[in-house]
Amino acid sequence: MSTPYPFTAVVGMDDLRLALLLNAVSPAVGGVLVRGEKGTAKSTAVRALASLMPDVDVVGGCRFSCAPAAPDPACPDGPHEAGAGVARPTRMVELPVGASEDRLVGALDIERALAEGVKAFEPGLLADAHRGLLYVDEVNLLHDHLVDLLLDAAAMGASYVEREGVSVRHASRFLLVGTMNPEEGELRPQLLDRFGLTVEVAASRDPGLRVEVVRRRLAYDDDPAGFAARWAGEEAALRERIVAARELLPRVVLGDVALRQIAATCAAFEVDGMRADIVMARTATALAAWAGREEVTEEDVRQAALLALPHRRRRNPFDAPGLDESKLDETLDEFGGHDEPDGEPDPTDPDPTDPGPDPGPEGGPDGGGGGVPPQGSGPDRSDAAGSAPETGQAPVPAPGTGAEQQPARATEPFRTKMLSVPGLGEGAAGRRSRARTEHGRTTGARRPQGALTKLHLTATVQAAAPHQRARGRSGPGLVVRRDDMRQATREGREGNLVLFVVDASGSMAARKRMGAVKGAVLSLLLDAYQRRDKVGLITFRGKGAELALPPTSSVDAAAARLESLPTGGRTPLAQGLLKAQDVLRIERLRDPSRRPLLVVVTDGRATAAGSGDAFTPALRAARLHAAEGTAAVVLDCEAGPVRLGLAGTLARELGGSAVTLDELRAESIAGLVKDVRDVSATRRAA
């Protein structure tokens with residue numbers, strides 16, 4: 001077994017270390033989500049925590065880690081009698097992103113269950129993690145069906161395995177720790193809320209700290225055991241402090257003033273539900289125990305808010321995490337109980353009739369305050385959906401002059417209907433188009449290819465029934481063999497690749513028109529986030545096209561690129577379509593099962609250097625997409641009394657349809673894309 005990196009040897013990252021230690025003191029806090037850029041030792045710090053956790057007492061020989069003082073009466077290895085157990089180290093179980101459902105919840109031997117009536121159950125990772133830590137690296141890339149199972153186990157404290165009427169249940173209460181890089185996409189809101197605390201980490205810009213990180217890492221790589229031995233004293237002291245804080249925790253008092261501050265803070269930041277209040281209370285109590293105090297202070301409440309609320313106040317994937325600390329301080333002061341209504345006034349308090357200092361230039365203590373995560377040294381982040389306000393209408397240059405306008409602000413996003421691709425795909429699990437998946441409604445049966453994962457009971461019995469006499473059946477049990485097993489085929493939903501090709505030329509520079517276009521694209525990005533799609537963004541203006549954002553699951557990154565998109569110059573429409581073909585060709589090699597949806601945003605007025613025809617090459621490029629069967633829709637941005645209808649012509653060559661800017665509302669555009677898919681399918685069939 002390899003020697004883990006010592007927790008006390010981690011340089012910096014005070015908030016991350018504090019959040020992990022608070023969970024070691026009080027597992028009821030609910031775990032930690034660590035967000036940060038790649039290469040910031042997120043996984044190293046999490047793995048180092050396991051060695052600091054106190055040992056747990058378990059029933060000897062129980063595969064489900066039952067507590068000897070109160071064993072689970074429904075334990076599959078039970079029943080157990082209460083009594084003395086054996087001590088073992090706390091486990092840290094890692095859940096790989098690509099794990100199967102059976103690996104997570106356990107596997108039931110269906111063949112023995114049918115033939116012998118025996119519940120032969122092999123525990124999964126949820127059983128191994130009971131009364132320990134469950135660590136998910138890159139948790140935002142976890143498949144939806146595994147997320148559903150995690151949510152169920154976290155909510156009920158138990159894992160259920162049910163297959164064809166045979167069920168097994170066992171306790172599963174664990175400390176959930178996840179790490180993620182926000183550039184690769186966000187978490188589902190339900191799973192995000194299950195993490196008690198969240199911290200943002202970033203590499204230090206201090207050369208001295210960076211030197212120390214490298215020095216320690218090289219020393220560890222050269223001699224892991226020797227490096228760990230040098231830090232053994234600090235590790236032992238930290239372990240003893242955790243044990244002492246755990247013993248003190250039941251005696252910590254959470255007073256009424258602190259409770260009012262917690263409730264007021266959660267209400268002020270408009271977090272959903274009551275879980276935030278409970279987590280803040282548990283975190284503040286753990287902070288007091290960690291500091292060796294028996295009473296929660298205002299500073300404990302403040303620190304608890306900075307750790308427990310940032311990820312809960314997000315309203316959509318374009319909102320940056322964080323808290324306005326000036327608003328937090330104002331709320332804590334208001335409900336801090338400094339002036340009790342029945343008590344005597346403090347002579348040092350200011351006159352209550354004094355109006356106080358004049359508000360600052362921002363109009364108040366909240367003015368201009370942006371959400372700031374607990375880490376003051378973290379990278380600056382801005383709200384991708386909140387670009388700077390417009391200061392005035394700049395004159396719009398004539399198309400082709402090459403002048404560049406300031407980015408137009410997007411209109412308010414709106415709700416869209418589902419955009420779906422016709423036919424039956426086999427892409428990654430998602431929530432958009434019909435596809436053959438491991439989860440969903442059963443549509444048929446087939447012989448298993450590899451391990452059996454979903455048994456089709458009726459088809460299995462039908463396959464085994466004709467052979468019962470030849471197999472010498474003599475009892476009530478059915479004689480079932482491996483060849484009789486049938487795999488259920490299921491139909492669910494897949495995620496798609498939505499590739500936007502946006503005209504950013506001078507003909508699109510009118511602010512009102514470009515703002516409406518951006519608002520529509522932002523609405524589709526929100527829909528893509530909810531349906532677990534990948535998105536990409538190509539822009540064309542001036543002399544060529546640019547891949548502004550390679551296909552990614554991070555829709556907030558796409559929104560940020562769209563918001564900052566400048567306009568101006570000529571309209572190289574053909575180059576934009578050809579760039580899209582190159583991107584889709586590469587994506588088909590990387591992910592051949594993910595079907596694309598091409599969304600072209602343009603008025604169709606192609607221009608190029610010189611006096612040549614620029615629209616004909618664009619039509620040829622469109623025919624290439626049609627020949628490859630790429631489903632497409634054109635958002636017609638043409639405006640004015642004279643309309644050439646070029647976007648409609650382009651859409652016909654793409655094998656799709658066009659919609660005008662006046663039809664960009666939810667009902668129109670979503671219905672159009674569905675119709676486009678039907679038109680494309682009909683055209684290919686003809």
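Numbering starts at 1 and runs along the sequence shown.
Using a 4.5 Å heavy-atom threshold, the side chains of Val97 and Asp137 count as separate. Residues Leu151 and Arg194 are in side-chain contact: their nearest non-hydrogen atoms beyond the backbone lie under 4.5 Å apart. Looking at heavy atoms from C-beta onward, Leu306 lies in side-chain contact with Leu328 at the 4.5 angstrom threshold. Proximity of Leu150 to Leu142: side-chain heavy atoms (C-beta onward) are separated by under 4.5 Å at one or more points. Between Phe7 and Trp231, the closest side-chain pair of non-hydrogen atoms is not below 4.5 Å. Using a 4.5 Å heavy-atom threshold, the side chains of Arg293 and Asp300 count as touching.
Across every non-hydrogen atom of Pro54 and Thr90, the tightest pair is O-OG1, 2.6 Å. When all heavy atoms are compared, the tightest approach of Thr265 to Ala305 is CG2-CB, 4.1 Å. When all heavy atoms of Phe335 and Gln261 are compared, the pair lying nearest together is O-CG, 3.2 Å. The heavy-atom pair separating Pro448 from Gln487 by the smallest distance is CA-CB, 3.9 Å. For Leu307 against Asp15, the heavy-atom pair with the smallest separation is CD2-O, 4.5 Å. Shown here for Leu126 and Ala153, the closest heavy-atom pair between the two residues is CD1-CB, 4.0 Å.
Not one N or O on the side chain of Lys327 forms a donor-acceptor pair closer than 3.5 Å with the backbone of Phe269. Under the 3.5 Å distance criterion, the side-chain polar atoms of Arg312 are matched with a main-chain donor or acceptor of Gly196. Looking only at distances, no side-chain donor or acceptor of Arg103 sits under 3.5 Å from a matching main-chain atom of Leu95. No side-chain donor-acceptor contact under 3.5 Å links Arg302 to the backbone of Leu332.
For Asp222, there are no salt bridge (Lys or Arg N to Asp or Glu O under 4.0 Å) partners at least two apart in sequence or on another chain. Every residue two or more places apart in sequence or in another chain that forms a side-chain contact (heavy atoms from CB on, under 4.5 Å) with Arg251 is listed here: Leu248, Glu294.
Sorted by first and then second residue, the ring pair (Phe, Tyr, Trp, His ring centres under 6.0 Å) pairs involving residues 30-69 (not counting sequence neighbours) are Phe64-His170. Applying the salt bridge (charged side-chain N to carboxylate O under 4.0 Å, His left out) rule to pairs touching residues 86-96 yields Arg47-Glu94, sequence neighbours excluded.
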Side-chain atoms of residues 274-287: list all donor-acceptor pairs with protein atoms under 3.5 Å, sequence neighbours left out, distances to 0.1 Å.
from, atom 1, to, atom 2, distance (Å)
Arg275, NH1, Asp193, OD2, 2.4
Arg282, NH1, Ala28, O, 3.2
Thr283, OG1, Val279, O, 2.7
Thr285, OG1, Ala281, O, 2.8

For residues 70-85, please give each side-chain donor-acceptor pair under 3.5 Å, one per line with the distance, not counting sequence neighbours.
from, atom 1, to, atom 2, distance (Å)
Asp72, OD1, Ala74, N, 3.1
Asp72, OD1, Arg169, NH1, 3.2
Asp72, OD2, Arg169, NH1, 2.7
Asp77, OD1, Arg63, NE, 3.3
Asp77, OD1, Arg63, NH2, 2.9
Asp77, OD2, Arg63, N, 2.9
Asp77, OD2, Arg63, NE, 3.0

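Atom CG of residue Asn181 and atom CG of residue Asn140 lie 7.5 Å apart, to the nearest 0.5 angstrom.
Side chains of Tyr220 and Thr3: no donor on one and acceptor on the other come within 3.5 Å. Counted by atom type alone, Asp329 and Ser326 present zero donor-acceptor pairs between their side chains at under 3.5 Å.
Using a 4.0 Å cut-off between a side-chain N of Lys or Arg and a carboxylate O of Asp or Glu, Asp221 and Arg217 qualify as a salt bridge.
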